2 protein chains.
Amino acid sequence: MKSKITLKKIAKEFDVSISTVSKALKDSHEISEEVREKIKAFAAYYHYKPNSLALNLRNQKTKTIGVIIPEIVHHFFSKVISGIERMANQNGYNVMICLSNESHEKEVLNMEMLANGIVDGILVSVSKETEEKGAYHHFKQLISDGIPLVLFDRVIDEVQCNKVIVDDLGGGHLATNYLIKHGCKNVAILTTPDHVSVGKTRKEGYIQALKEHQITVEASNIIKINEKEDIYTQIEALFELSNIPDGIFAVNEIYAATAMQIAHKRGLNIPEDISILGFTDGFISAFTYPTLTTVAQHGNTMGEKAMQLLLDELNTQDADYKHNTVVINTDLKIRESTKN
Amino acid sequence: MKSKITLKKIAKEFDVSISTVSKALKDSHEISEEVREKIKAFAAYYHYKPNSLALNLRNQKTKTIGVIIPEIVHHFFSKVISGIERMANQNGYNVMICLSNESHEKEVLNMEMLANGIVDGILVSVSKETEEKGAYHHFKQLISDGIPLVLFDRVIDEVQCNKVIVDDLGGGHLATNYLIKHGCKNVAILTTPDHVSVGKTRKEGYIQALKEHQITVEASNIIKINEKEDIYTQIEALFELSNIPDGIFAVNEIYAATAMQIAHKRGLNIPEDISILGFTDGFISAFTYPTLTTVAQHGNTMGEKAMQLLLDELNTQDADYKHNTVVINTDLKIRESTKN
DNA sequence: AATTCAACCGAAAACGTTTTCGTGTTGATA
DNA sequence: TATCAACACGAAAACGTTTTCGGTTGAATT
């Protein structure tokens, strides 16, 4: 373990000052050609690379951005990360990823850690626990410390910063409308509890579409899944109603795929007896039987847009920079699980 | 953007030295109770947190480890990351994730970036291009710089370091053996080109199992998928053989699920006419129809083990520390796509 | 009254880099 | 021979922290 080569060591080698070495490596005209060349040769031989920590400390910036997401074993978030990464790299930034595991405490801890000089800006998708508790103090603290923040996917109205969201309302509307237009008379929804913002908004799109068609909203057709308990049995309830739905809109892929399995078990044909439509950028949809019609979310685009907003804020000189909220469009990926 | 509070600013506030402030905040007995308390109160009020960069520079370590993976939109890698992250956090380390996107150049770039002081150690799963080219110089460079390296999943024999692999040989054997034992007379394999080490090894397990049962290995039953071209048609070739297989072992989930779709299209019943078995830690398997029997890979365990090895190496005082290769066991997750 | 000793605090080095400013030497010019 | 510019390099500050080693008080002990 020969420790890394530094300016100081090179300086000692040639019996010159550290400044001379630094300048020589930067091809400064202040240094004679002779000295310059021999220093450069020596440095190259030992693979000299300036220590990033020292540079960061001096420049007061790290060219690194931090990302906090609730979980990584999740296709949508993976896609977002992928988009963030690409855009960041294109602009000379590196990405540091932290997981909150849906825990408020870990979200706060990660943020404090990132905020202490390690990153120039932070991208966050809010954990469920934070949404539930309504505890936003750490975000406001971050902003008042002058560190640019962008929220994506799961955002918070009360926090003033750049945001990127998918058009959950439009997506919910789009999905429900499609089911109705293609013959479903009794459309149910599988959604999350209301404290999960995206689920809530998609449900509102669902309700909006029903109302537009003068269909009354049945409370029994709205199932809010509690993920702490068994998903399968909660969804099964839908199939035990006196009036079994002929269309199901699920706010994510898992709920949709599970509903499919239940339909299979009960001998229902998809889409003849029941149409199923999911919401996701997912992976499963293309491989279910039949393949699943979904609302596509474009996670990559979201990641790119979020990073773009962060870059804008990092690069602005403008004293009264105005924050934006970008809405990513959704569209329908029509497959086989719905009638046409 | 009021800039962050530092020791220097606190020192100026109370007209004491920086050392005094530093000591006071660490509750040193060298500082009088009076001074100590007022400094601590002031610091707390302004949310003072020591600057990580400065600490890292001084301590010559960052308590951060770097991870380079080929892609993140991939369930197995997500799981590995998740395991790495958990183990790292438990031990006070943070994780920095970089993507090589299967490109050799990006892998090298990422490594050089991480190696310049940002991280204390690095975990890598080798990109396909690096495997293909056989260009390992960057790994050897890293090791000779004294930065601990652990390779996982896709590893390289020529590089001397800690490694974690799944038991691909055993897994391939296990899968093939299971198919044969349960009545398959004609087992085919969907695998990768040989330069992808995991695919090659799984194929060797397949061949081993066939030989143990005195079954001759048919070249036409071995399909090496070229991912640059259409997967579907390449797999379809299997169904156009004069002697269509009654068992398929696919080295990943996608190939298996695609084979299933083709079987459906051609009116074959699964598993009655043809058994299909995948290899993965995946996500799709539980939602295909029928659900897919797979060799489970335990990505989480791999991540934890890899991080554990890195920690061992970071913490050892031992001058002649010995490197290890840990093999993660696979086991069969039996679902519905195979006869029993 | 001289000595010792604790209590309290500051100076400075160290981590590795960049950059501004200063300084000494050389050779040419007035 | 004094002056001056050009050339080649070094000193030092700055980024923010920790820690070692002194140094100054005042009180207690001899």
Side-chain angles (χ1 to χ4, degrees), chain A residues 2-40 42-43 46-64 112-113 115-120 145-147, chain B residues 2-40 43 46-64 113 115-120 145-147:
Chain A
K2 51 188 173 200
S3 56
K4 290 219 71 170
I5 188 89
T6 66
L7 288 185
K8 188 193 273 191
K9 288 183 192 153
I10 302 179
K12 179 172 283 178
E13 178 73 22
F14 293 105
D15 209 27
V16 294
S17 78
I18 294 177
S19 355
T20 303
V21 178
S22 177
K23 288 174 192 167
L25 293 176
K26 299 191 113 54
D27 255 336
S28 163
H29 59 274
E30 284 187 40
I31 309 299
S32 69
E33 184 126 14
E34 186 197 340
V35 176
R36 228 187 303 165
E37 289 308 321
K38 73 181 182 188
I39 287 181
K40 280 167 67 179
F42 185 85
Y46 284 103
H47 307 102
Y48 171 78
K49 284 277 164 58
N51 180 296
S52 302
L53 292 177
L55 277 180
N56 293 340
L57 183 59
R58 169 163 228 280
N59 297 332
Q60 292 294 86
K61 62 181 177 187
T62 64
K63 282 280 181 180
T64 299
E112 287 178 349
M113 186 270 297
N116 289 329
I118 310 192
V119 298
D120 295 346
D145 279 353
I147 299 177
Chain B
K2 52 188 172 204
S3 58
K4 289 219 74 170
I5 188 89
T6 67
L7 289 185
K8 189 193 274 189
K9 288 182 192 154
I10 301 179
K12 179 172 283 178
E13 178 72 23
F14 293 104
D15 209 26
V16 294
S17 77
I18 293 177
S19 355
T20 303
V21 177
S22 177
K23 288 175 193 166
L25 292 176
K26 299 193 114 52
D27 254 335
S28 163
H29 60 276
E30 285 188 40
I31 309 299
S32 69
E33 184 126 15
E34 187 198 338
V35 176
R36 227 188 303 167
E37 289 309 321
K38 72 179 185 191
I39 287 181
K40 279 165 67 180
Y46 283 102
H47 307 102
Y48 171 78
K49 285 276 166 55
N51 180 295
S52 302
L53 293 177
L55 276 180
N56 293 340
L57 183 58
R58 169 163 227 278
N59 299 331
Q60 293 292 87
K61 63 182 174 188
T62 64
K63 282 282 181 177
T64 299
M113 187 270 298
N116 289 329
I118 310 193
V119 298
D120 295 346
D145 279 352
I147 298 178

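Model, not experiment: these values are computed from the prediction. What's counted below: heavy atoms across the whole structure, side chains too, no hydrogens, waters or symmetry copies. Each chain gets a letter, A, B and so on, in the order its sequence line appears, and its residues count up from 1.
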For A:S22 and B:V21, take the nucleotide of DNA chain C holding the closest heavy atom to each; which residue's nucleotide lies nearer the 5' end? B:V21

Looking at C:dC8, does its base get a donor-acceptor pair with the side chain of B:E30 below 3.5 Å? no

Identify whether any heavy atom of B:T6 sits under 4.0 Å from a base atom; if not, whether one sits that close to sugar-phosphate; answer base, sugar-phosphate or nothing. sugar-phosphate

Going by heavy atoms in the side chains, are A:L25 and A:K40 under 4.5 Å from each other? yes

Please report the distance, rounded to the nearest Å, between CD1 in B:I18 and P in D:dT20. 18 Å

Round to the nearest Å and state the distance from A:L55 atom CG to C:dC15 atom C1'. 13 Å

CG of A:N56 versus C1' of C:dT17: gap in Å, rounded? 11 Å

Provide, to the nearest angstrom, the distance between the CG atom belonging to A:D27 and the P atom belonging to D:dA8. 14 Å

Is the base of C:dG16 touched by the side chain of A:K49 through a donor-acceptor pair closer than 3.5 angstrom? no

Length of the NZ-P vector between A:K8 and D:dG10, whole Å: 16 Å

Measuring only between side-chain heavy atoms, which start at C-beta, is A:F42 closer than 4.5 Å to A:I5? yes

Within-4.5 Å side-chain heavy-atom neighbours: A:K4 and B:N116: yes

Determine: side-chain N/O of A:S19 to OP1/OP2 of D:dC9, distance under 4.0 Å, yes or no. no

Assign B:Q60 to base, sugar-phosphate, or nothing according to its heavy-atom contacts below 4.0 angstrom with the strands shown. sugar-phosphate

Donor-acceptor pair, A:T62 side chain versus A:I118 backbone, under 3.5 Å? yes

Round to the nearest Å and state the distance from A:K26 atom NZ to D:dC9 atom C1'. 18 Å

Per atom distances to the A:R58 side chain, the nearest of C:dG10, C:dT19, D:dT19 is C:dT19

May I ask you to test the B:T6-B:N51 pair for a side-chain heavy-atom distance under 4.5 Å? no

Between the base of D:dA8 and the side chain of A:S32, is one N or O donor paired with an acceptor at under 3.5 angstrom? no

Whole Å only: how far is the NE2 atom of B:H29 from the P atom of C:dC8? 10 Å

Between atom CD1 in A:I31 and atom P in C:dT18, what is the gap in whole Å? 13 Å

First encountered from the 5' end of DNA chain D, between B:A54 and B:K23: B:A54

Is B:Y48 touching bases, backbone alone, or none of the nucleic acid, heavy atoms closer than 4.0 Å? sugar-phosphate

Please figure out whether B:N51 or A:S17 has its closest DNA chain D nucleotide nearer the 5' end. A:S17

